[in-house]
Amino acid sequence: MRRRRMAGALLLAAAIGATPGLTACDRGADPATAKSPPPGVPVTTAEVVTRDVPVQVNAIGNVQALSSVAVQSMINGEVLKVHFAEGQDVETGAPLFTIDPRQLQTAMLQAQATLAQHQAAVLQAEAILAKDSAELENAKVDERRYKKLLEGDFVAREQYDQILTKVRSLTATIDADKAAIETDKALVRADHAAVENVKVQLSYTEIRAPIGGRTGNLLIHQGNVVKANDVGNPLVVINQIHPIYVAFAVPEGQLDDIRRYYRAAGELVVEARPPGAPGVVARGKVTFINNTVDPSTGTIQVKATFKNEDNTLWPGQFVNVSLILARQPGAIVVPSQAVQSGQKGQYVFVVKPDQTVEARPVVPGAPAGRDVVITSGLKAGERVVTDGQLRLVPGARVDVKAAAPGAPSGAPATPAPGKAGGR
C-alpha cells in the first residue's frame with residue numbers, strides 16, 4: 001500500500017514538470033536567483049566644449065636680468081662705510097661705498113698750491129714783460145733820435161751804437177719774457193689738469209649705483225682695503241629686474257609663423273609660468289629675435305621683456321613659456337587624457353545615449369594647456385571617456401562615475417540619465 005502511494009506521487013510530480021507554459025515563478029522559484037545583465041565598466045567622462053584657444057609655441061625659458069653690473073673700485077683705499085644692505089633695491093646714483101679720501105684730499109691741496117704758485121709766476125712774468133716792453137719803446141725812440149743826430153754829425157757814432165745795442169738787448173729780453181710766460185702758462189695748464197685729475201680721483205671715493213636694481217651679496221665689508229679695477233673681485237653685483245628678460249629658443253621651422261604673426265599684430269604676447277607656483281602667470285612682449293639660427297640645435301633665440309612689478313620672475317630662474325601667436329575662435333577642445341593611440345591612429349571613446357561607447361578616430365591639433373584641440377572627429381556636446389579606457393572595447397557598456405575633486409580639465413562628469421546612484 002505504501003509503495004503504491006509513493007509511485008503515484010512521483011507520477012504526479014513528473015506530470016507537473018512536463019506541463020508546458022509553466023515558468024520558474026509558476027513553480028515557486030525565487031525571483032532573486034534570476035540572471036541580471038552584467039555591470040558597466042566604471043569610467044569618468046568630460047564634455048566636448050568649444051572655446052577660443054590661443055595658437056602658441058611652448059618652450060622652456062631662462063630669466064635674465066635686463067642689465068647686470070659688477071661694481072668695482074677705481075682707486076686703492078680702505079672702505080670707510082657701506083651705505084646699503086644685501087638684497088636691497090637701490091636707485092641709480094644711490095651711494096654704495098665710501099673709500100678713504102684723506103690721501104687724495106692732501107694731494108688736492110698740494111695740486112692747488114702748485115697751481116697758485118705757477119699762476120703767480122705767470123703774473124710776475126707778464127709784469128716783467130710789460131716793463132721791458134716800455135723800456136724797449138723808449139730805446140727805440142732814442143735810437144730814432146740819435147740816428148738823425150748821427151746823420152747831422154751832432155753825436156758820435158759810438159753813442160748811437162750804444163742806443164742801438166740797448167734796443168737789440170731789450171728785444172731779446174722781451175722774447176725771453178714771452179717764452180717764460182708761455183712756459184709758466186703751460187705749467188698752469190698742467191696744474192689745472194692735475195687738480196681736475198685729483199677731483200676725479202676724489203669722486204671715485206664715493207661709489208654710487210650705476211644702474212637701479214637689486215643688490216646681491218656684499219663681497220667687501222667696511223674696513224677692508226680694495227684695489228683699483230680688481231677684475232673678478234667685485235664689491236657687489238647689481239641686477240636690474242624691473243623690467244626683466246626671459247630668453248627662450250624656438251624651432252627654426254616656426255620662425256616664419258612667428259615673423260608673420262609679429263608683422264600682422266605689431267607685437268606678440270608671451271606668458272611665463274614659474275615652476276612650483278600654479279596659477280601664477282607673468283605676461284610680457286617679444287622685444288628681440290636673434291639674427292641667426294643656431295646650427296647645432298636648429299633653434300633661434302627669442303627674448304621677451306616683462307615689467308615684473310611684483311617680482312614674479314627672478315634672474316637665473318627657468319620658466320615655462322608660451323609664445324601666443326594668435327587666437328583660434330570656437331575650437332573643439334577635450335582633455336588630453338581622453339585621446340588614445342592605436343594601430344590606426346589616435347581615437348577617443350565617445351559615450352552614446354544608450355551608455356555604450358564608440359571608438360571614434362580623431363585628428364588632434366595644438367595643445368591648449370592640459371587640453372588638446374580636436375580638428376576633426378568630434379562635435380560640441382558629446383561626452384568622451386577620460387579615465388578607464390584600458391577596460392573598454394567598442395560597444396562596451398559603461399557606468400559613468402563622478403570625476404575626482406580637482407579634475408584637471410574638461411567639464412565635470414555627471415552620471416548619465418537613468419543611472420542615478422546605481423542599478
Side-chain angles (χ1 to χ4, degrees), residues 43-59 248 250-251 253-273 278-286 302 304 320-342 344-389 392 394 398 400 402-404 406-417:
V43 296
T44 58
T45 64
E47 184 179 356
V48 180
V49 298
T50 60
R51 70 168 186 261
D52 294 346
V53 174
V55 179
Q56 60 189 20
V57 178
N58 296 320
F248 56 97
V250 297
Q254 296 176 325
L255 179 59
D256 288 340
D257 290 338
I258 293 173
R259 294 170 60 188
R260 184 176 69 255
Y261 284 114
Y262 187 80
R263 286 193 298 266
E267 64 182 29
L268 292 178
V269 176
V270 176
E271 294 181 347
R273 296 172 176 81
V280 177
V281 179
R283 289 179 173 82
K285 297 179 181 178
V286 172
V302 180
N320 297 315
V321 174
S322 297
L323 171 58
I324 300 175
L325 303 179
R327 291 196 174 272
Q328 180 181 351
I332 300 294
V333 178
V334 298
S336 57
Q337 63 266 31
V339 181
Q340 304 294 307
S341 296
K344 297 182 179 179
Q346 294 178 300
Y347 65 95
V348 297
F349 283 109
V350 179
V351 180
K352 297 191 293 186
D354 61 354
Q355 298 304 297
T356 61
V357 293
E358 168 194 356
R360 186 178 301 174
V362 294
V363 179
R370 296 184 177 181
D371 300 335
V372 63
V373 175
I374 302 298
T375 58
S376 66
L378 291 175
K379 61 182 179 180
E382 293 183 306
R383 301 198 71 83
V384 295
V385 177
T386 58
D387 187 30
Q389 296 99 322
L392 293 179
V398 295
V400 179
S409 59
T414 55

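- For the side chain to side chain contact (heavy atoms under 4.5 Å, CB included) with Arg383, the qualifying choice from Val350, Val43, Thr45 is Thr45, the only one to do so.
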What side-chain donor-acceptor pairs closer than 3.5 Å can you find for residues 375-382, not counting sequence neighbours?
{"residue": "Thr375", "atom": "OG1", "partner": "Val363", "partner atom": "O", "Å": "2.7"}
{"residue": "Glu382", "atom": "OE1", "partner": "Arg360", "partner atom": "NH1", "Å": "2.8"}
{"residue": "Glu382", "atom": "OE1", "partner": "Lys379", "partner atom": "N", "Å": "3.1"}
{"residue": "Glu382", "atom": "OE2", "partner": "Arg360", "partner atom": "NH1", "Å": "2.8"}
{"residue": "Glu382", "atom": "OE2", "partner": "Arg360", "partner atom": "NH2", "Å": "3.1"}

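- Heavy-atom minimum distance, Ala338 versus Gln389: CA-NE2, 3.9 Å.
- Looking at Leu325, Leu323, Ile324 one by one, the single match for side chain to side chain contact (heavy atoms under 4.5 Å, CB included) with Tyr261 turns out to be Leu325.
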Please table the atom pairs, donor to acceptor, closer than 3.5 Å between any side-chain atom in residues 262-273 and protein atoms at least two apart or in another chain.
{"residue": "Glu267", "atom": "OE1", "partner": "Lys285", "partner atom": "NZ", "Å": "3.1"}
{"residue": "Glu271", "atom": "OE1", "partner": "Arg273", "partner atom": "NH2", "Å": "2.8"}
{"residue": "Glu271", "atom": "OE2", "partner": "Arg283", "partner atom": "NE", "Å": "3.3"}
{"residue": "Glu271", "atom": "OE2", "partner": "Arg283", "partner atom": "NH2", "Å": "3.3"}
{"residue": "Arg273", "atom": "NH1", "partner": "Ser322", "partner atom": "OG", "Å": "3.3"}

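- Residues Val372 and Pro364 share a closest heavy-atom pair of CG2-CB, 4.1 Å.
- In this structure, Asp52 contributes its side chain and Gly330 its backbone to a donor-acceptor pair below 3.5 Å.
- For residues 352-385, no pair satisfies ring-ring contact (aromatic ring centres under 6.0 Å, His included), with sequence neighbours left out.
- Listed by first and then second residue, the ring-ring contact (aromatic ring centres under 6.0 Å, His included) pairs that reach into residues 345-369 are Tyr347-Phe349, sequence neighbours excluded.
- Remark: Thr356 engages Asp354 in a side-chain hydrogen bond (donor to acceptor under 3.5 Å, both in side chains) (not counting sequence neighbours).
- Inter-residue side-chain proximity for Val384 and Val48 is flagged as met; some heavy-atom pair is nearer than 4.5 Å.
- Among all heavy-atom pairs drawn from Gln337 and Arg370, the shortest one is OE1-O, 4.4 Å.
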Discussion item. Run Val385 and Val351 through side chain to side chain contact (heavy atoms under 4.5 Å, CB included) and show every step you take.
Written reply: CA-CA 7 Å; Val385 177; Val351 180; 3.9 Å; yes

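- With sequence neighbours excluded, the residues that form a side-chain hydrogen bond (donor to acceptor under 3.5 Å, both in side chains) with Asp257 are Arg260.
- Rounding to the nearest 0.5 angstrom, the gap separating the CZ atom in Arg327 from the CD atom in Gln56 is 8.5 Å.
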